Amino acid sequence: MIEPTSGDILLGRGVRINNHPGNEAYRETISENAATYAASTKSDKTSMSTKIVTELLNSNPPRRFLEKSETGKWQEVPLKRAVTKTSQALRDVARDRAKAAGAVAATKSSTVSSFHQTTNNASNINESELPSSSLTPAAAAMPSYHPPAPNLYTVAEFTATETMPATETMINSSKEEDPFLLSVDSPKKRIKKRIKILIF
């Protein structure tokens, strides 16, 4: 009856098998050799997988490849099956790394392409659409200033009283007098004049 040790590689599924110490060490070995495996020829790939399995089996203590039989007991798998499983593990790691690298490259390419497109759009503005004024773009973009139209004529009504010499001038807003008359009193005469005062 075989009892798995901490160095054995267990074939199967489940968290317990995945976290087995021998399986964790085995995954590290696969990770270290995946790049070389992916760049090798078909015959070299088979040789590499066989070499990895042989080294594990010949280590001290031996690291066996075990799986459960139909009766639920652990048994050692044949060499060919161990090599096949190792080749599959190497391919899976190499494929996952290639996909990850491709996704990163695609993201970078998309970012750079978007940046160049934005830059080109900004540089391809039709010059005819630009203001012909010699002002700077910021100044040309500012709305023109138009002074407000003057208010309607506003007549300020008042009565000015003048003596000789002049001593007092006062403003009278009374509505009883003609708002268009300016009265000037002097010792000799009283003169009435029409005036209009524009207030803007």
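This chain uses plain numbering: 1 for the first residue, then up along the sequence. In this text, all values refer to a predicted model and were calculated from it rather than measured experimentally.
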Completion exercise
Test side chain to side chain donor-acceptor pair (under 3.5 Å), reference Asn18, set Arg27, Arg13, Glu24, output is Arg27
Exercise for the section: Could you tell me which residues satisfy salt bridge (charged side-chain N to carboxylate O under 4.0 Å, His left out) with Asp44, sequence neighbours excluded, listed by chain and number? Expected result: none
Exercise for the section: Give, for atom CG of Asp96 and atom OG of Ser31, the distance between the pair rounded to the nearest 0.5 Å. Expected result: 11.0 Å
Exercise for the section: Using ring pair (Phe, Tyr, Trp, His ring centres under 6.0 Å) as the criterion, list what pairs up with Tyr37, not counting sequence neighbours. Expected result: none
Problem - Sequence-distant partners of Arg95, salt bridge (charged side-chain N to carboxylate O under 4.0 Å, His left out), two or more places apart - result: Asp92
Practice task
Verify whether one side chain among Ser49 and Thr86 offers a donor that lies under 3.5 Å from an acceptor in the other.
Solution key: no
Fill in the blank from the handout: Using a 4.5 Å side-chain heavy-atom cut-off and chaining through intermediate ILVMFWY residues, the residues clustered with Ile17 come out as Ile2, Leu10, Leu66, Trp74
Exercise for the section: Look at the side chain of His20 and the backbone N and O of Thr5, then say whether any donor-acceptor pair between them is shorter than 3.5 Å. Expected result: yes
Handout entry: Donor + acceptor pair across side chains of Thr36, Asn33 (<3.5 Å)
Key = no
Practice task
Can you sort out the partners of Glu67 under salt bridge (charged side-chain N to carboxylate O under 4.0 Å, His left out), two or more places apart, ordered by chain and number?
Solution key: Arg81
Handout entry: Sequence-distant partners of Arg63, salt bridge (charged side-chain N to carboxylate O under 4.0 Å, His left out), two or more places apart
Key = none
Practice task
Indicate yes or no: at least one non-hydrogen side-chain atom of Ser87 is less than 4.5 angstrom from one of Lys45.
Solution key: no
